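The analysis underlying the following values was restricted to heavy atoms, covering all of them including side chains, and did not include hydrogens, waters or symmetry mates. All values derive from a computational prediction rather than experimental measurement. In what follows, chains are A, B, ... by sequence order, proteins preceding strands, each numbered from 1.
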Amino acid sequence: MTEFALPKTYDFRSVEQRLYAWWESQGYFRPRPDPAAQPFVISMPPPNVTGELHLGHAMFVAVEDLMTRHARMRGAPTLWVPGSDHAGIATQLQVEKELLRTEEVTREELGREAFVERTWAWKHKYGGIITQQIRRLGASCDWSRERFTLDEGLSKAVREAFVRLYEKGLIYRGTYLINWSPGLRTAVSDLEVEYAEEQGTLYTFKYPIAGKEEFIPVATTRPETILGDTAVAVHPDDPRYRHLIGETCLVPILKRPIPVIHDTYVDREFGTGALKITPGHDPADYEIGQRHGLPIVNVLHPDATMNENAGPYAGLDRYECRKRIWADMEKAGLTIKTEPYTMQVPRSQRGGEVVEPLVSTQWFVRMKPLAEPALEVVRNGSLRIVPERFAKVYYNWLENIRDWCISRQLWWGHRIPAWHCAECGQITVARIDPDRCAHCGSTRIEQDPDVLDTWFSSGLWPFSTLGWPEDTPDLRTYYPTTIMETGYDILFFWVARMIMMGLEFTGQPPFSTVYLHGLVRDDRGRKMSKTLGNFIDPLVLMDEYGTDALRFYLLTSSTPGNDINVSADRVEGNRNFANKIWNAGRLVLSAVARAGDRPASMPPPTLADGWIRARKAQLVRDVARLFEAYQYGEAGRQIYEFFWGDFADWYLEIAKLQLDEGAARAWSTAALMVEVLDDSLRLLHPFTPFVTEELWGRLKAACQAGGRSFGPEAGWEEALIVARWPEPTRPRPEEAEAVGSFGKVMEVIRAIRNVRSEKAVEPQRRIPAFIRAGVEAPMFESQRAMLAHLARLDPAGLNITEDLTPPAGAIPLVVGTIEIYLPLAGMVDSAAERTRLSREIEAVEAQVERLEKLLSSAFAQRAPADVVRKERDKLAELKASRESLVASLDALQ
RNA sequence: GGGCGGUUAGCUCAGUUGGUUAGAGCGUUGCGUUGACAUCGCAAAGGUCGUAGGUUCGAGUCCUAUACCGCCCACCA
């Protein structure tokens, strides 16, 4: 055998880095301009610069790279724009932690300017890690267009967006109740607050009425907020309290007088039926306060200790205050009871600490006007969400959207382009840093200290990365983008905001399709987190099984929008698949190497040849259909089954025989092996780019060696990554027919193998067989070599006839109407065989009865004709099969 | 309180225009290594598709209800 240089197992370690560098250096990741073709564009969801690769990244890279490579192979100018996000809070926290650890210095001690400088230094040092890891996954994105949300161009875009919204009156500054994160000392948006069900206490106490002996019983879960109460509310029709409306209550301990008001918001059935109103620290109370013109009393410092409004409790932590005030109220006889209570506690998505609602001056985006068009484009179908069910979630959120608090009291981020005037107090918002107040001309202006929510800049990502607000060639060519692919967990955070911003600033949706993938969870379905210790590192998986294995696993183990519980076993299985591809390639390569010169005339295709071509054609069609429907996982599974189950397990085994049937046959077989392998590698490439590219390159080299001409009709492209995607074709009639005939042969082979296994016939032993094939006799006869090889039959003892007298002392088998007799001397237990055949007859009998009943029922009239015909055919086959079985049984007696 | 997803073989999951005997991988059992691959091959066992109704000639697939698990949204003190 000719020596071929492929190692026995696929060594991804020696392949992945080299190929990635090669692809990139050849410029394959950059779009090939073609004015005639519709470009395919994806904006990569920018990972946090501080981030380290997790399986969520691996997931989006796998899916987006699949889409990108597929589009590229179909000839579209393809652009996948990578980048990273400055991730305000996350990054600032990391740098703060680092500074504290290494230099024992806080950011306050360092000062704003120096801290931001340090953070940039940090970014330059560590920001490349995540992008290196993205490369490791094989992402074929255009690194020459890589962007960062805080780089110059994007900062300009952010500024432009802010100014435009401000000028339109869609950004405003105001004092409202917001979510305050005491640890981070910044405001956060509603979306950044998560509610966790926790055990707490419900405190019920007396609100004394001034000048009376009466009191109103009131309950709260946060007694410290009593200090900020500015009213007690009851339902206007509540007979218990109606007479007290308009009276004055005294805030416990502080003895501050507050009114008893009425509001239908109060639920008479719930609790005591009376409500303490703390407009400064509760969203519902805030609204009631607005309705009734109640004053707002803030009792908290930014670090959630009590402030001067808390009187004697000033300076205490809120929880300490809670204990103390309750103890003091007990002493004063104002308490009624405490009881365990399950409540929803708001916690910061970032730090996990309890978020305090409080009134603060912040910047907001007016969302309603932006939400309307964003709803419309999805409703009218100009923007499609896949899977569809998420559209409902999207509607629900946008229909009930509230204004977005965009200012953060941080240092790392886009500084708000607003200047406050010390003279006139007015605000100047400008694209270029102003040196004087736009209203009074004073030079005593100072820029607003706040920065913008990270998601504000992310919202501009699809167009800011292409050059907006400049009218760049990229923006004109590649915007709007094609698909936004991301996890469903950031539908609101990011996707909805991109749609709103895109429509507002560019007048069109930033992409025509949103494809949402599921979340990767641990093997028990829990979210992965460092604290839980269930974090599975994709780098470790890649080290162990290779990138292709991880990618194929992620792509084929779930369906769109559904979560996936990671399982290392399955990744291993896919490593084996990569190896299978590799070894099939080794066999094909050796066949190519051994084939001589091109024969003068090509022999006609064999049955197996026709079968595998028909199967391949079917696969290409199915894959095209599935890709069209975003069913990438199913497509991958089908390619896997075809490659392993049909091509490797059956065709290649037969090909080994055909290669020994003369030079012409060897050539035609090698050519077909190449054809099927080549198309398989093309179909697989978007899933498993490395092993396919490596093998394809070697295949191409082997096929071109010595000036021969194996391979695709149109010739070999320069690399698989830019090779053509297989076009669906219809199989020729004889190939379609081969599927049926070959199927029968396969069944016969399986039946014989089954008996051999059951009877423990030595694998090496060639056994004789008599096959009564009826009208199929010529077909079986033509396949005798293949049949004998795969069923380990003795070619000399293989007797295929139209009809025959069953030999005595043979094991009878029936496959459809084909009867097989295996004369295994000394192994035949007539009684057992009779029992087996009788059982088979019974089973067929039952089927016949079932079908006869079915066909005499309404089914025959109501079902479509072709369905009925199929059942009739089946019945006929079963009846014929029954005859064969009976004949075999008779022969045994 | 509203909404969504899941429930299919021991385990992890497919099964997308309803078509009549439900599939894969892993695991299990038996057998097998000189020539693509032991990261392999051959064969086998294993499921009344959560439950109860309904629609239909026909339901894992559509409808209704319900149980359990998970998630999202929501101002009940």
Side-chain angles (χ1 to χ4, degrees), chain A residues 1 4 6 8-10 195 202 204 218-222 233 265-267 269-278 282-288 341 343-344 357 387 389-390 392-393 396-397 400 488-489 491-492 518-519 521 523 525-527 545 549 556-559 561-567 569-570 572-591 626 629 631 633-634 637 640-641 645 648-649 652-653 656 750 753-758 760-764 792 843 846-847 850-851 854 857-864 866-868 870-871 874:
Chain A
M1 171 165 298
F4 45 95
L6 272 65
K8 262 181 99 162
T9 53
Y10 168 57
Y195 291 85
L202 186 65
T204 309
V218 169
T220 181
T221 54
R222 295 181 296 159
Y265 169 80
V266 180
D267 182 351
E269 313 298 321
F270 190 84
T272 64
L275 196 53
K276 67 187 265 310
I277 305 298
T278 322
D282 184 276
D285 293 5
Y286 180 79
E287 280 179 27
I288 294 172
Y341 191 71
M343 53 188 197
Q344 300 284 322
R389 64 173 186 271
F390 288 106
K392 207 168 158 182
V393 183
N396 185 48
W397 189 68
N400 300 295
Y488 66 77
D489 54 329
L491 180 60
F492 305 144
L519 275 29
R521 302 174 175 280
D523 55 356
R526 299 173 305 179
K527 245 181 170 161
Y545 305 115
T556 56
S557 294
S558 80
T559 41
N562 279 357
D563 294 350
I564 164 170
N565 297 345
V566 76
S567 133
D569 276 357
R570 286 187 72 153
E572 186 180 344
N574 287 308
R575 187 260 328 250
N576 298 352
F577 179 50
N579 192 55
K580 193 72 184 180
I581 298 169
W582 185 253
N583 274 291
R586 292 178 77 215
L587 179 62
V588 175
L589 254 58
S590 80
L626 290 165
Q631 301 288 320
E634 184 59 18
R637 288 186 288 271
Y640 177 104
E641 276 169 33
D649 285 350
L652 290 181
E653 289 306 319
K656 286 176 187 171
R750 285 209 183 94
R753 283 172 172 175
N754 186 348
V755 169
R756 295 183 61 117
S757 182
E758 301 261 294
V761 177
E762 297 88 333
Q764 300 311 317
R792 308 294 296 168
Q847 290 298 312
R850 189 180 62 82
L851 280 181
L854 179 68
S857 71
F859 170 80
Q861 281 83 50
R862 304 300 258 312
D866 57 322
V867 174
V868 176
K870 231 173 85 187
E871 296 306 318
K874 206 184 287 175

Contact check, side chains of [X] and [Y], non-hydrogen atoms, under 4.5 Å:
X	Y	value
A:Trp582	A:Leu6	yes
A:Leu491	A:Trp397	no
A:Leu202	A:Met343	no

Of A:Val266, A:Asp267, A:Val218, which meets side-chain contact (heavy atoms from CB on, under 4.5 Å) against A:Leu275?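 The residue from A:Val266, A:Asp267, A:Val218 that satisfies side-chain contact (heavy atoms from CB on, under 4.5 Å) with A:Leu275 turns out to be A:Val266.
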For the side chain of [X], counting heavy atoms from C-beta on, which of [options] is nearest?
X	options	result
A:Lys874	B:A36, B:U21, B:C76	B:U21
A:Leu587	B:C42, B:A36, B:A77	B:A36
A:Phe270	B:C76, B:A38, B:U12	B:C76
A:Tyr341	B:A77, B:U39, B:A43	B:A77
A:Asn396	B:C73, B:A43, B:A38	B:C73

Restricting to nitrogen or oxygen on both sides, can you table the protein-nucleotides 4-11 of chain B pairs closer than 3.5 Å?
{"from": "B:C4", "atom 1": "OP1", "to": "A:Lys392", "atom 2": "NZ", "distance (Å)": "2.7"}

Could you give the distance separating [M] and [N] at their [atom1] atoms, to the nearest angstrom?
N	M	atom1	value
B:U7	B:C62	P	12 Å
B:G15	B:C49	C1'	11 Å
B:U8	B:A52	P	15 Å
B:U51	B:G10	C1'	23 Å
B:G58	B:C13	P	34 Å
B:G70	B:G32	C1'	45 Å
B:U21	B:G46	C1'	16 Å
B:G47	B:G60	C1'	11 Å

My validator wants the stems of RNA chain B: runs of 3 or more consecutive Watson-Crick or G-U pairs, both distances under 3.5 Å, written as range with range.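 Stems (3+ consecutive pairs) listed as B:1-7 with B:67-73, B:10-13 with B:23-26, B:28-32 with B:40-44, B:50-54 with B:62-66.
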Can you name the atoms? Protein N/O to nucleotides 55-60 of chain B N/O, anything below 3.5 Å, with the distance.
{"from": "B:C57", "atom 1": "OP1", "to": "A:Arg862", "atom 2": "NH1", "distance (Å)": "2.5"}
{"from": "B:C57", "atom 1": "OP1", "to": "A:Arg862", "atom 2": "NH2", "distance (Å)": "2.6"}

Strictly distance-based, threshold 3.5 Å: is any side-chain N or O of A:Asn583 a donor or acceptor partner for the main-chain N or O of A:Asn579?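 Pair found, side chain donor or acceptor close to backbone of A:Asn579.
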Look only at the side chain of A:Arg521 and the backbone of A:Val566, and say whether a donor-acceptor pair between them is shorter than 3.5 Å.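 Looks like no, no N/O pair under 3.5 Å.
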side-chain hydrogen bond (donor to acceptor under 3.5 Å, both in side chains) with A:Asn576: which residues, sequence neighbours excluded?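 A:Asn576 satisfies side-chain hydrogen bond (donor to acceptor under 3.5 Å, both in side chains) with no other residue.
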Where [X] and [Y] come nearest, the two heavy atoms and their spacing:
X	Y	answer
A:Ala584	A:Leu652	CB-CD1, 3.8 Å
A:Gly561	A:Arg389	O-NH2, 3.1 Å
A:Asp282	A:Arg222	OD2-NH2, 3.6 Å
A:Gln764	A:Arg792	OE1-NH2, 3.5 Å
A:Thr556	A:Gly633	CG2-O, 3.8 Å
A:Arg637	A:Ser557	NH1-N, 4.4 Å

Between A:Lys8 and A:Asn565, which is nearer to the 5' end of RNA chain B once each is assigned its nearest nucleotide?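 Between the two, 5'-proximity favours A:Asn565.
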Nearest nucleotide by nearest heavy atom, which residue falls closer to the 5' end of RNA chain B, A:Pro283 or A:Gly585?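 The 5'-side residue here is A:Gly585.
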Record whether the side chain of A:Tyr286 comes under 3.5 Å of the base of B:C75 through a donor-acceptor pair of N or O atoms.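 There is none.
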Between [N] and [X], is there an OP1 or OP2 to side-chain N/O distance shorter than 4.0 Å?
X	N	answer
A:Lys580	B:C37	no
A:Asn583	B:U39	no
A:Lys656	B:A36	yes
A:Asn754	B:C42	no
A:Tyr195	B:C73	no

Using whole Å, report how far [atom1] of [X] lies from [atom2] of [N].
X	N	atom1	atom2	answer
A:Glu572	B:A38	CD	C1'	13 Å
A:Arg792	B:C42	CZ	C1'	11 Å
A:Gln344	B:C73	CD	P	11 Å
A:Ile564	B:A14	CD1	P	8 Å
A:Arg521	B:G70	CZ	P	11 Å
A:Arg637	B:U16	CZ	C1'	12 Å
A:Asp563	B:U12	CG	P	15 Å
A:Arg222	B:A77	CZ	C1'	10 Å

Please work out if A:Glu287 contacts a base, only the sugar-phosphate, or nothing of the nucleic acid, heavy-atom cut-off 4.0 Å.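 Contact class for A:Glu287: none.
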Remember a base hit wins even if backbone is also touched, and classify A:Ser558 as base, sugar-phosphate or nothing at under 4.0 Å, heavy atoms.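 Touches sugar-phosphate only.
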All N/O contacts under 3.5 Å from nucleotides 24-31 of chain B to the protein, with atom names and distances to one decimal?
{"from": "B:C26", "atom 1": "O2'", "to": "A:Asp569", "atom 2": "OD2", "distance (Å)": "3.4"}

For A:Phe390 and A:Tyr488, take the angle between the two ring planes, folded into 0 to 90°, and tell me which bin it lands in: parallel under 30, tilted 30 to 60, perpendicular over 60.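 Taking A:Tyr488 first and then A:Phe390, their aromatic rings lie parallel (interplane angle under 30°).
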What is the ring orientation for A:Tyr640 with A:Phe577, classed by angle as parallel under 30°, tilted 30 to 60°, or perpendicular over 60°?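 Rings of A:Tyr640 and A:Phe577: tilted, as their planes differ by 30° to 60°.
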What distance do [X] atom [atom1] and [Y] atom [atom2] have between them, rounded to the nearest 0.5 Å?
X	Y	atom1	atom2	result
A:Thr278	A:Asp285	OG1	CG	5.0 Å
A:Phe492	A:Asn396	CZ	CG	7.0 Å
A:Asp866	A:Glu871	CG	CD	10.5 Å

How does protein reach along nucleotides 64-69 of chain B, written 5' to 3' as B (base within reach of a heavy atom under 4.0 Å), S (only sugar-phosphate), or - (no contact)? ------
Steps toward side-chain contact (heavy atoms from CB on, under 4.5 Å) verdict (A:Lys8, A:Arg586): CA-CA 8 Å; A:Lys8 262 181 99 162; A:Arg586 292 178 77 215; 3.5 Å; yes
